[in-house]
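Worth saying up front: this structure is predicted, and the values here are computed from it rather than measured.
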Amino acid sequence: MKKKTFIALLATFLIMPLGMALANGSNGKQDKTDKPHFNMGFFKKEWKEKNKKMIENWKKNRENKKNFKKNCKNIETRLDTRIKRYENNRKMHEKVFENMIARLERLSDKMKEKGADVDKLEANIKTLSEKIDKLLADYDTFIKTLKDSRSQICDKDNDRVKDEFKSKIGEARKQIETIRKDRTDIRDFYKTTIKSDLADIKKQLEDQKSDAESDQ
């Protein structure tokens, strides 16, 4: 009996901790210190702030794109107006100078028929015509540069293209200065050289007339 009693007490001692543990688990209670803690309010607040920033950035980008599109279209319109004006100027200069050359050539032919030496005048008319051709060629180059730059105005996302646009505008400024110099060169050449030739030929004809009258 003593042996059986000892075995029973030993079994009770070994089983008791497991039973207590099961009892603690079965009542649904757990130590608060072992329980994981999640602050859902913090995560909701952080998500709302991120979402708000995303919406604000989206609105800002949309507004920037809208303003850029409007601005670049305005620039394109102004540039189109300038291109048209320069094209009209080129046509006007071409017409004016064509008439000038034609008038000088007719005048040269008439003076030649009267016996005047017009070789110098004819050579200078040719030089004047070459200067006019240079002006018109420089006009064409200038207008082409403006048209090339126009196609790059609204390419906002390409830094290389924006740099090329600035470079084209810089070239155009230099070319318009060349055109001004061409016009000045033509005007000065006509005033100093062509008019001097015409004055010399006029004097030739007057001298010839005077000599003819003195011989009579």
Under the side chain to side chain contact (heavy atoms under 4.5 Å, CB included) criterion, do I186 and K134 qualify, and how do the steps go? CA-CA 10 Å; I186 291 170; K134 181 181 183 304; over 6 Å; no
Report the C-alpha separation of R183 and I179 in whole Å, then their side-chain angles, then the decisive distance to 0.1 Å, and conclude whether the side chain to side chain contact (heavy atoms under 4.5 Å, CB included) test is met. CA-CA 6 Å; R183 293 202 303 258; I179 290 173; 3.5 Å; yes
Verify side chain to side chain contact (heavy atoms under 4.5 Å, CB included) between L198 and M111, making sure each step is shown before the conclusion. CA-CA 10 Å; L198 293 173; M111 291 178 172; 4.3 Å; yes
Going through the distances and angles, do T141 and K144 end up as a side chain to side chain contact (heavy atoms under 4.5 Å, CB included)? CA-CA 5 Å; T141 301; K144 183 179 183 303; 5.8 Å; no
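Applying the salt bridge (charged side-chain N to carboxylate O under 4.0 Å, His left out) test to every pair with at least one member in residues 84-93, sequence neighbours left out, gives these pairs: E87-K147, R90-E94, R90-D140. Listed by first then second residue, pairs satisfying ring-ring contact (aromatic ring centres under 6.0 Å, His included) with a partner in residues 110-147 read Y86-F142, H93-Y139, not counting sequence neighbours. Applying the salt bridge (charged side-chain N to carboxylate O under 4.0 Å, His left out) test to every pair with at least one member in residues 98-114, sequence neighbours left out, gives no pairs at all. Every pair passing side chain to side chain donor-acceptor pair (under 3.5 Å) that includes a residue from residues 195-205 is listed here, sequence neighbours excluded: N124-D197, K203-D207.
Residues passing the side-chain hydrogen bond (donor to acceptor under 3.5 Å, both in side chains) test with S108: none are found, sequence neighbours excluded. In this structure K181 satisfies the side-chain contact (heavy atoms from CB on, under 4.5 Å) test with no other residue, sequence neighbours excluded. Listed by chain and residue number, nothing satisfies the side-chain contact (heavy atoms from CB on, under 4.5 Å) test with T192 (two or more places apart in sequence, or in another chain). Applying the side-chain hydrogen bond (donor to acceptor under 3.5 Å, both in side chains) rule to E177 yields the partners R180; only residues at least two apart in sequence or on another chain are considered. The salt bridge (charged side-chain N to carboxylate O under 4.0 Å, His left out) check on D188 picks up nothing, with sequence neighbours excluded. Taking the side-chain hydrogen bond (donor to acceptor under 3.5 Å, both in side chains) definition, one finds that D185 meets it with K131, sequence neighbours left out. Shown here are the side-chain contact (heavy atoms from CB on, under 4.5 Å) partners of S129, two or more places apart in sequence or in another chain: I101, D133.
Side chain of T193 to main chain of Y190: no donor-acceptor pair is present (N/O by atom type, distance under 3.5 Å, no hydrogens or angles).
Expressed to the nearest 0.5 Å, how far CD1 of I176 lies from CZ of R82 amounts to 9.5 Å. For the atom pair CD1 of I194 and CG of L104, the computed distance is 6.0 Å after rounding to the nearest 0.5 Å. Between atom CG of residue D138 and atom CD1 of residue I143 there is a gap of 11.0 Å, rounded to the nearest 0.5 Å. Distance check: L136 CG to F97 CZ gives 8.0 Å after rounding to the nearest 0.5 Å.
Counting only heavy atoms from C-beta outward, the side chains of M100 and L128 approach each other to under 4.5 Å.
Closest approach of K168 and S149 over heavy atoms only: CB-CB, 3.6 Å.
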